J.: 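Have a look at the structure that comes next, please.
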There are 2 protein chains.
Amino acid sequence: MLRITRQSDYGILVLSHLANVGGGETHAASEVAVRIGLPLPIVSKILKAFVRADLLESERGAKGGYRLARPPEEVSVSQIIAALEGPIAITFCSEDSDVECSHEHCCPMRSNWQIINHRIKQTFDSITLAEMAKPDGLAMSQTENSKSGGAS
Amino acid sequence: MLRITRQSDYGILVLSHLANVGGGETHAASEVAVRIGLPLPIVSKILKAFVRADLLESERGAKGGYRLARPPEEVSVSQIIAALEGPIAITFCSEDSDVECSHEHCCPMRSNWQIINHRIKQTFDSITLAEMAKPDGLAMSQTENSKSGGAS
DNA sequence: ATATAGGGTACTGAACTGGTACCCTTTTGT
DNA sequence: ACAAAAGGGTACCAGTTCAGTACCCTATAT
């Protein structure tokens, strides 16, 4: 499993749409909702979360809307996920400190989990919104990056 | 977030313990449960799942127990997680086919998700039980492996 | 035959996610 | 000034999933 939530999935759709239609101008939440085919309340909730995370800027009032706060090349997928789900943390031990780590058995492998967590995070750090917004944006940057196809 | 389930966390503990005490001999579920400090039913459930996934072998009857089916170096973390949670799949589109993909908006970025999924899976593929079983097993193999630090 | 120990399934309670509804604040436009 | 448009925020409900428990069956050693 190890799934990301549907919110993050939607969130990337939302940002990709804004990136593709041109993030410079503001777009109303209702417009975005219609274009990507999701109910307005959902989209609205996601847009608000992005504003709070400084990924989007908003204009209130009539003729208001949302626009990208930065160019898509400077937004990483991990930032997007973090905006909607909080920081990426694979396991309890690696959240931020040792709050949850009441079982002492956890601690021997805590450093290992932190390293795993770091690697996962790097994977998401290395992917930009600009790549996600293009249907095969990742395939291109992937070719020179990881050509180790066969595993598993 | 993006957490693995607690079962996987426990599962790695269980296998690490078996690897450390010597996977060759059989160990009773009750013994494992006591040693890692978790209730027997939980540990038992996890052990059974590992047998089904061919990560462990079991002897039934009195004096029975569990032992590793392979040396720890040949067991990857992704196999462990897959045994307990099913195959690793970050998002709905990349599960196995396009069952869930009724929203047509999903499909433009489906190939991107599959690539991400593949990268994550590779991360878990590259980590062995032998590394996890040692408190700093990963730190050692990490140094020469991933020096792509910068992002984030 | 009995005790030990693994094999399997079903059930319950808690937590989380997804989604909806409601109300407030800000701005435009008349 | 007032109404409409649009974002801001919170609370709530329902469905699903996860964690944990209990129960019963099967197999082997003594």
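Everything quoted here is computed from the prediction, not taken from an experiment.
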J.: Hey, is the main chain of A:A82 close enough, under 3.5 Å, to the side chain of A:E85 for a donor-acceptor pair?
T.: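 No, A:E85 side chain to A:A82 backbone: no donor-acceptor pair under 3.5 Å.
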J.: For the side chain of A:N112 and the backbone of B:K134, is there at least one donor-acceptor N/O pair under 3.5 Å apart?
T.: yes
J.: Tell me whether A:H27 contacts the main-chain N or O of A:G64 through its side chain, where contact means a donor paired with an acceptor under 3.5 Å.
T.: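 Absent.
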J.: Taking the minimum atom-to-atom distance to the side chain of A:S58, which one of D:dG20, D:dT21, D:dG8 wins?
T.: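 Within the option list, the nearest is D:dG8.
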J.: What is the distance, to the nearest angstrom, from the CD1 atom on B:I4 to the C1' atom on D:dT17?
T.: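 B:I4 atom CD1 is separated from D:dT17 atom C1' by 16 Å.
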J.: Check this one for me: any side-chain N or O of A:Y10 less than 4.0 Å away from OP1 or OP2 of C:dG19?
T.: yes
J.: Using a heavy-atom distance cut-off of less than 4.0 Å, which residues of residues 40-47 of chain A contact DNA chain C?
T.: A:P41, A:I42, A:K45
J.: C:dT25 P sits how many Å from A:K48 NZ, rounded?
T.: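 In whole Å, C:dT25 P and A:K48 NZ are 14 Å from each other.
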J.: Could you give the CZ-to-C1' distance, from B:R67 to C:dG6, as a whole number of Å?
T.: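 These atoms are roughly 13 Å apart.
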J.: Please determine, for the side chain of A:R60, which listed nucleotide (C:dT25, D:dT21, C:dG29) has the closest atom?
T.: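 Nearest to the side-chain atoms of A:R60, counting from C-beta on, is C:dT25.
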J.: Starting from P on C:dT4, measure out to CD on B:E31 and report it in whole angstrom.
T.: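 To the nearest whole Å, that distance equals 16 Å.
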J.: Keeping the roles fixed (side chain from B:S16, backbone from B:I12), state whether a donor-acceptor pair exists under 3.5 Å.
T.: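 Looks like yes, one N/O pair under 3.5 Å.
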J.: What nucleotide, of D:dA5, C:dG8, C:dG6, holds the atom closest to the side chain of A:A62?
T.: D:dA5
J.: Look at the side chain of B:E74 and the backbone N and O of B:P71, then say whether any donor-acceptor pair between them is shorter than 3.5 Å.
T.: no
J.: Counting distance only, does the side-chain N/O of B:S58 pair as donor-acceptor with the main-chain N or O of B:R67 below 3.5 Å?
T.: no
J.: In whole Å, I'd like the distance from the CG atom of B:L84 to the C1' atom of D:dT17.
T.: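 For the pair B:L84 CG and D:dT17 C1', the rounded distance is 16 Å.
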J.: Once you round it to whole Å, what is the distance between P of D:dG8 and OH of A:Y66?
T.: 4 Å
J.: Rounded to whole Å, how long is the line connecting atom CZ of A:R3 with atom C1' of D:dT16?
T.: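 From A:R3 CZ to D:dT16 C1': 10 Å.
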J.: Between D:dA19 atom P and B:R6 atom CZ, what is the distance in whole Å?
T.: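 These atoms are roughly 7 Å apart.
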J.: Quick check: does any side chain N or O of A:N20 sit under 3.5 Å from a backbone N or O of A:A133, one acting as donor and the other as acceptor?
T.: yes
